[in-house]
Engineer: 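The structure that follows is given in the form of structure tokens.
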Amino acid sequence: MSAQARTHFSFARVMAVFLKELVQMRRDRVTFAIMLGMPIIQLLLFGYAINTDPRHMPTVVEARDDGPLTRAFLASMRQSTYFDLVALSHREGEGDRMLEAGEATFLVVIPEKFEERLVRGERPEILFAADASDPIAAGGATGALQQIAQTAFAPDLEGPLHMRQASAAPYDIVVHRCYNPAGVTAFNIVPALLGVILTMTMVMITSIALTRELERGTMESLLATPVRPTEVMLGKTTPYLLVGAVQVGIVLAVAIFLFHIPFTGSVPALLTGVTVFVIANLMLGYLISTVARTQMQAMQMTFFIFLPSILLSGFMFPFAAMPWWAQGIGEALPLTHFLRIVRETILKGGGFAAIGDDLWPLLAILALLTAVALRRFRQTLD
Amino acid sequence: MNGAPVIDVRGLTKRFGGKTVVDDVSLRVPRGAIYGFLGPNGSGKTTTIRLVCGLLRPDHGEGTVLGHDVLRESALIKARIGYMTQKFSLYEDLSIRENLDFVARLYDVPDRAHRVDTALEDLGLATRGRQLAGTLSGGWKQRLALAACMIHDPDLLLLDEPTAGVDPKARRDFWDQIRRYAARGVTTLVSTHYMDEAVQCDFIAFIAYGRKLIDAPTREIPGKVGLTTLRVVADDLEGAAAKLRGMPGVDLVARFGTELHVAGVDAAKLRAAVGSLDGMPGFAATPVEAGLEEAFIHLMTESTDNMQ
Ligand SMILES: Nc1ncnc2c1ncn2[C@@H]1O[C@H](COP(=O)(O)OP(=O)(O)OP(=O)(O)O)[C@@H](O)[C@H]1O
Ligand SMILES: [Mg+2]
């Protein structure tokens, strides 16, 4: 091979760096364990914290009617393990007070003349008010209440009232979510958590890619070889693309099998979004690595990126409610766009058309980060 | 030693934050030469080597290395040099074989697996290829680093104190190997603090405070330094040495076994000074040919402290 040819891009050298990086990653047990264990631990911790299958939720019932149907409903409530009937009130307003005071998580209001109006076919409304600041509980409770109502009223709807049961239920359950009208649920949080985990691990791990070589002194002999900046970059980030893929697999599996998140959208669109997002994070970390002189500095810069990602991406606070300048910062963060992409694809059933508005900004961020990182890469020691 | 010089750089200057660490250094190293680089700690040897291989950009200076422009074509230069750093700079968390394999891949070495096997055998580490490099002793790390920088058969070797901490037998093997390379036309620039290694070089450059003081074929060095040396014996050698030190004309008093080598640039003053000791029991003084050792000890004492 001629000397001239050596200065061209060499796939063999990318492979050299890639394989070296893989071996080092495998040997660095702690980091390796953190990278694969962190998504699992975070999700499980989260799973317990949010408790997707709650029991014995304190409930107050305001019964303004006391016919046999109401009594059957109350009996059914008492049998349910989901609700704990903490109070039975006949006075209007008492339930609201208890809900507000936090003495009950749920309030069920059976309106006046419920039975009479039901018989007349007026579809009376059972009001179900939930303290939705605990969104998971609120989500499940609605379903549980439907069940209770159905079993409670079924026997009484035999006979003369049979025709009332035939079509839709002869009553309406009206759900009021208090304190968290948007109704953020695990369905929202778990996919978003994927973005947070990826931001954390991908940026952190690549941020030390070059600083570690600098600190250990291996940079000097690496730079003395004909290896080019693009080759180092590709070789050093590709192994973590694989780690990212494994993390995505873990989180999605947990999301689907443990949290039963209904996945409705386009898989290729989601995977495209995830891939671009992971690479953008790798480049962000790599850019940090070209700026920081020590691993400590790299870590600090990673957190400097991580905090705004959590706070300004719409993960913590609703994006639309943030001031304009915070939204501006948010738009520049990969996580912001990723959160919208997962929401569109996983929750709203969207495809490529739906994520376009966020895929392009993400690609632009990626291109910018890559270009700056390559420019910043120092081929000399000074 | 024919054709254009392998290293031909002029006026290399490097400053770190206002401090001039390499000051107007020019080097011409012919093909196949072993070129020794000497100087006290902090004199700028490592920095000069880094400038030559393109790891640092000079503030001033120009020239060619292996026929390529040292400022603009460092990628081409890097492909054909083997640089052994002063501090161990292979991967401690890779095995011996993985380190060699990594370097061989970076240089696109043909028939890589075979080349790595041979290197392991030459090192005598064939059975320890799977051991992590970080678990090797200091001397063995040096030997591994040396093998790694030669794995792609470079045309120019830049070795920064390659034998520091290496045992005498391994050092001799190492120098035999350098000689074999030189016979094949490989050029070597090697920094060292060992006199027995300096004498093995074809040329020697002495650098202090970032400036090159002397640059000549090894056998001409003593003449260049211009020392007259007298061998002095006396019953009370320490007493004689104490008297001689600080006398006018005496630049150097060094003890070699049971005798003193007393040297100075001004031959007449030196003789007068040594003559004043006449009458001490067992005193005798005979002229000897000035050697490399005196020359370098003299140069070193002239420029002891290079730290600022
Ligand atoms: N990156 C740097 N930044 C600032 N100063 C530096 C840098 N590298 C070297 N120096 C300074 O330059 C001077 C020469 O250093 P250099 O390492 O070249 O000396 P040396 O001759 O190799 O010494 P030794 O024999 O101890 O290896 C020293 O004073 C050192 O402190
Ligand atoms: Mg040095």
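In what follows, every chain begins at residue 1, and chains take the letters A, B, ... in the order their sequences are listed.
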Engineer: For A:Ser221, is there any backbone N or O sitting under 3.5 Å from a side-chain donor or acceptor partner on B:Thr85?
Structural biologist: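 Side chain of B:Thr85 to backbone of A:Ser221, a donor-acceptor pair under 3.5 Å: no, none is there.
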
Engineer: Please determine whether a side-chain nitrogen of the Lys or Arg among A:Arg216 and B:Asp93 lies less than 4.0 Å from a carboxylate oxygen of the Asp or Glu.
Structural biologist: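 Answer for the salt bridge query: yes.
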
Engineer: Any side-chain heavy atom of B:Phe102 sitting closer than 4.5 Å to one from A:Leu19?
Structural biologist: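 Sidechains of A:Leu19 and B:Phe102: no contact.
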
Engineer: Just give me the residue among A:Val227, A:Val14, A:Val23 that pairs up with chain B most often, heavy atom to heavy atom, under 4.5 Å.
Structural biologist: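 Option with the top pair count is A:Val23.
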
Engineer: Above 12 or not: heavy atoms from other molecules or residues under 6.0 Å from CZ of B:Arg28?
Structural biologist: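 Atom CZ in B:Arg28 is not packed in, count stays at 12 or less.
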
Engineer: Look up atom CG in B:Leu55 and atom CG in A:Leu381, then write down how far apart they are to the nearest 0.5 Å.
Structural biologist: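 If I round to the nearest 0.5 Å, the distance is 5.0 Å.
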
Engineer: Any chance you could measure B:Gln86, atom CD, to A:Glu220, atom CD, to the nearest 0.5 Å?
Structural biologist: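 Nearest 0.5 Å value for the CD-CD distance: 9.0 Å.
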
Engineer: Just how far is it from atom NZ of A:Lys20 to atom CG of B:Leu94, taken to the nearest 0.5 Å?
Structural biologist: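 The CG atom of B:Leu94 is 7.0 Å from NZ of A:Lys20, to the nearest 0.5 Å.
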
Engineer: If you count the non-hydrogen atoms of other residues, nucleotides and ligands that lie under 6.0 Å from CZ in A:Phe303, is the total more than 12?
Structural biologist: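 Counting neighbours around CZ of A:Phe303, 12 or fewer heavy atoms of other residues, nucleotides or ligands fall under 6.0 Å, so no.
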
Engineer: Please check: side-chain N/O of B:Lys87 versus main-chain N/O of A:Thr218, any donor-acceptor pairing under 3.5 Å?
Structural biologist: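 No: the side chain of B:Lys87 does not pair with the backbone of A:Thr218.
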
Engineer: Yes or no on side-chain contact (heavy atoms from CB on, under 4.5 Å) for A:Thr225 and B:Lys78, after CA distance, side-chain angles and deciding distance?
Structural biologist: CA-CA 6 Å; A:Thr225 72; B:Lys78 284 172 181 175; over 6 Å; no

Engineer: Tell me whether the count of non-hydrogen atoms from other residues, nucleotides or ligands lying under 6.0 Å of CZ in A:Arg375 goes above 12.
Structural biologist: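 Count not over threshold, so no.
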
Engineer: Tell me, for B:Tyr91 versus chain A, whether the close heavy atoms (under 4.5 Å) come from the side chain, the backbone, both or neither.
Structural biologist: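 For B:Tyr91, heavy atoms of backbone and side chain both lie under 4.5 Å from chain A.
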
Engineer: In terms of heavy-atom pairs under 4.5 Å, which option from A:Met219, A:Gln379, A:Glu213 contacts chain B the most?
Structural biologist: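 Ranked by contacts with chain B, first place is A:Glu213.
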
Engineer: If you count heavy-atom pairs within less than 4.5 Å of chain A, which of B:Glu73, B:Arg57, B:Arg50 leads?
Structural biologist: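 Going by pairs under 4.5 Å, I would pick B:Arg50.
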
Engineer: Heavy-atom count around B:Arg72 CZ within 6.0 Å, excluding the residue itself: above 12?
Structural biologist: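 No, the 6.0 Å shell around CZ holds no more than 12 heavy atoms from other groups.
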
Engineer: Under 4.0 Å between a side-chain nitrogen and a carboxylate oxygen: does that hold for B:Glu92 and A:Arg27?
Structural biologist: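 No salt bridge links B:Glu92 with A:Arg27.
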
Engineer: Please state whether the side chain, the backbone, both or neither of B:Leu132 comes within less than 4.5 Å of a heavy atom of chain A.
Structural biologist: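 Side chain only.
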
